[in-house]
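Below is one structure, written out as structure tokens, with a few remarks after it.
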Amino acid sequence: MKKSLLLLLSILAFIFSSQAIAQDHKCSTMLYLSKQIAKDPGLAERMKKSEVEKQKWISTHAQSTRGGSLVITIPVVFHVIWNDPIENISDNQIYSQLDILNEDFRALNADTLDDTHPFWQYTADAEIEFCLAAVDENGDPTDGITRTQTNIVTWDDAIQDDIKSTANGGLDNWDPTQYLNIYVVNLGGTTLGFATFPDDLAATPEMDGVVIRYEAFGNTGTAGIGAFQANDLGRTATHEVGHWLDLRHIWGDTICGDDFVTDTEIAETSNFGCPAFPFNDNSTCGSGPDGEMYMNYMDYVDDACMNMFTTGQADRMYAALNGPRSGLLTSTGCDAASALTKNFNEKSIEIFPNPNNGNFSLHVKNPAILSYTVDIYNILGACIKRLELRNLGNTQISMNEFGCGSYYLKITADNKTVTKKIFVTK
């Protein structure tokens with residue numbers, strides 16, 4: 001869909017009209033954008049100007065010129081906000097969604113197009129990966145999952161912003177310049193999810209993130225239950241993270257619209273279910289003999305029938321990561337070592353009781369530390385005992401073979417040592 005920049009911008013302006021944004025609620029991203037523009041009318045103009053810069057960047061940094069050698073890893077924190085215990089999904093369900101994101105964005109999904117398919121040539125490895133955050137925004141170790149019980153039964157359109165507000169029953173997002181915040185909640189109606197675009201970030205960082213309903217998240221546990229059987233493979237998150245990285249719906253959110261990507265076939269409108277190929281070929285919109293690219297992640301088909309991003313879409317996501325979302329390029333959110341450096345100190349070591357009778361517990365509170373060494377020294381400075389330990393919580397240590405007195409414990413992890421003094425009174 002090659003168009004002049006002038007035409008591209010004119011269509012972009014049309015997309016921002018209320019008529020163009022009125023979409024099916026399967027994805028509420030464009031509806032959410034319309035609300036943001038209503039609150040901040042200057043947003044539409046800023047997005048138009050930003051589009052010019054994106055297209056300039058893409059023209060000089062296309063995937064073919066990057067050489068496929070740079071993979072960007074994005075730290076992700078999953079916020080589970082629940083009222084009914086069924087909404088408090090398991091860690092395994094979260095891990096399944098992370099795996100799906102990594103497979104889909106790296107074109108490693110088992111259902112990718114066969115190399116005989118006409119659209120196979122456009123299928124791209126986006127060179128984007130995702131990791132569970134190992135360090136939170138304060139520099140403390142984390143497992144990348146938060147869980148918040150709320151008194152909100154259902155999050156409908158009127159209170160969507162409250163999902164990202166601790167004061168209103170949700171949870172404040174982590175620094176959105178350093179993390180992808182994905183919320184798992186009980187959305188109202190038939191909405192599967194929604195996301196914020198990169199251009200929203202500067203003005204409303206507190207609203208940044210992706211929201212997914214718990215019945216359309218991952219591929220295990222609650223995925224696909226109830227009326228959401230067609231949304232059981234985790235592709236809602238793939239779709240919404242695509243928006244978060246600046247991708248538009250494949251039909252451009254208006255009849256025969258433009259998604260600002262050159263290698264996606266023009267589409268008349270959103271597609272549902274699982275169309276037969278070719279679909280809507282030689283349409284009045286101008287689709288070719290192979291029809292519309294309904295299997296693209298940015299359409300509305302069933303999870304089992306979407307399986308690809310294109311090279312042009314990968315370029316657009318990279319433009320976002322080198323533009324409004326460039327903070328992610330230097331984020332240390334995935335770096336467990338940084339948590340170890342910051343948090344392995346006297347406050348992270350507990351010894352109790354102290355004084356003791358020669359038997360005591362030692363607790364290294366930093367979960368980023370997997371193993372450590374304890375050297376015990378007497379008052380003369382001689383090492384009298386060494387222990388190689390795994391960090392499995394409280395560890396019982398016995399010094400019954402030694403007499404009463406003062407001793408020093410040197411606890412070492414990753415070449416950093418903390419010294420603690422203990423007293424044996426018998």
Side-chain angles (χ1 to χ4, degrees), residues 73 75-82 88 90-92 94-95 98 131-149 166 171-175 178-179 181 331-426:
T73 301
V76 185
V77 54
F78 292 96
H79 303 297
V80 181
I81 302 178
W82 61 279
N88 189 19
S90 69
D91 286 358
N92 284 338
I94 292 171
Y95 302 151
L98 189 71
C131 73
L132 269 175
V135 186
D136 70 15
E137 56 185 344
N138 297 314
D140 296 321
T142 179
D143 62 2
I145 302 170
T146 71
R147 297 181 181 277
T148 302
Q149 187 173 8
T166 301
L171 186 71
D172 296 343
N173 64 358
W174 290 12
D175 183 352
Q178 303 295 304
Y179 301 89
N181 291 267
S331 173
T332 59
C334 293
D335 186 5
S338 65
L340 177 63
T341 300
K342 179 179 185 296
N343 292 282
F344 187 62
N345 51 42
E346 286 193 19
K347 292 182 179 180
S348 67
I349 306 293
E350 287 184 343
I351 294 175
F352 52 91
N354 191 24
N356 57 71
N357 63 3
N359 296 287
F360 59 91
S361 294
L362 186 151
H363 181 203
V364 179
K365 295 188 288 184
N366 188 339
I369 298 172
L370 302 180
S371 61
Y372 58 94
T373 300
V374 177
D375 291 304
I376 302 176
Y377 291 81
N378 62 21
I379 196 69
L380 300 176
C383 184
I384 58 176
K385 190 170 187 176
R386 164 169 276 209
L387 302 169
E388 302 283 348
L389 301 172
R390 299 277 299 168
N391 189 10
L392 300 175
N394 295 336
T395 299
Q396 302 300 311
I397 295 179
S398 174
M399 292 180 57
N400 287 330
E401 66 267 42
F402 306 114
C404 297
S406 300
Y407 297 87
Y408 292 92
L409 271 61
K410 290 189 175 181
I411 304 101
T412 303
D414 197 35
N415 299 316
K416 188 173 182 180
T417 298
V418 173
T419 301
K420 287 280 192 177
K421 190 174 184 178
I422 64 168
F423 302 91
V424 177
T425 58
K426 296 290 187 179

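Computed from a prediction, not measured in an experiment: that's the story for all the values here.
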Minimal heavy-atom distance between M399 and F360, with the atoms involved, is SD-CE2, 3.7 Å

Next on the checklist: Using the rule given for side chain to side chain contact (heavy atoms under 4.5 Å, CB included), can you reason through N356 versus V424, listing the C-alpha separation, both sets of side-chain angles and the distance that settles it, and then say yes or no?
Outcome noted: CA-CA 5 Å; N356 57 71; V424 177; 3.8 Å; yes

In this structure, CG of L387 is separated from OG1 of T373 (nearest 0.5 Å) by 9.0 Å

Could you go through residues 402-413 and list every donor-acceptor pair under 3.5 Å that involves a side-chain atom there, pairing it with any protein atom two or more places apart or in another chain?
residue : atom : partner : partner atom : Å
Y407    : OH   : G403    : O            : 2.7
T412    : OG1  : T417    : OG1          : 2.9

Shortest non-hydrogen pair, V76 vs L98, comes out as CG2-CD1, 4.5 Å

Requested in this report: Show your reasoning for whether side chain to side chain contact (heavy atoms under 4.5 Å, CB included) applies to Y372 and N366.
Outcome: CA-CA 11 Å; Y372 58 94; N366 188 339; over 6 Å; no

Would you find a donor on one side and an acceptor on the other, under 3.5 Å apart, between the side chain of T166 and the backbone of D172?
yes

Distance col, row I379:CD1 vs K421:NZ, nearest 0.5 angstrom, shows 5.5 Å

Will you find, in the side chains of S398 and N400, an N or O donor that is under 3.5 Å from an N or O acceptor? yes

| said: side chain to side chain contact (heavy atoms under 4.5 Å, CB included) for Y95 and I145? Distances and angles first, verdict last. | reply: CA-CA 10 Å; Y95 302 151; I145 302 170; 4.3 Å; yes

H79 and N173 have their tightest heavy-atom pair at NE2-CA, 4.5 Å

Rounded to the nearest 0.5 angstrom, the CG-CG distance for D143 and D136 is 10.5 Å

Value for CD (Q178) from OG1 (T332), rounded to nearest 0.5 Å, stands at 6.5 Å

Residues T395 and R390: closest non-hydrogen pair is OG1-O, 4.2 Å

Is the backbone of H363 close enough, under 3.5 Å, to the side chain of E350 for a donor and an acceptor to pair up by distance? no

Minimal heavy-atom distance between G333 and Y179, with the atoms involved, is CA-CE2, 3.9 Å

Using modelled atom types only, decide if a donor and an acceptor are shared between the side chain of N181 and the backbone of V77 within a distance under 3.5 Å.
no

- [ ] Tell me, with the steps shown, if T142 and W174 meet side chain to side chain contact (heavy atoms under 4.5 Å, CB included).
- [x] CA-CA 12 Å; T142 179; W174 290 12; 3.7 Å; yes

Separation between CG (N391) and CG (L370), nearest 0.5 Å, reads 7.5 Å

Next on the checklist: Any heavy-atom pair between the side chains of I94 and V80 that's under 4.5 Å?
Outcome noted: yes

dist I351:CD1 -> I397:CD1 (nearest 0.5 Å) comes out at 7.0 Å

Quick note, side-chain hydrogen bond (donor to acceptor under 3.5 Å, both in side chains) partners involving residues 375-384, not counting sequence neighbours, are D375-R386

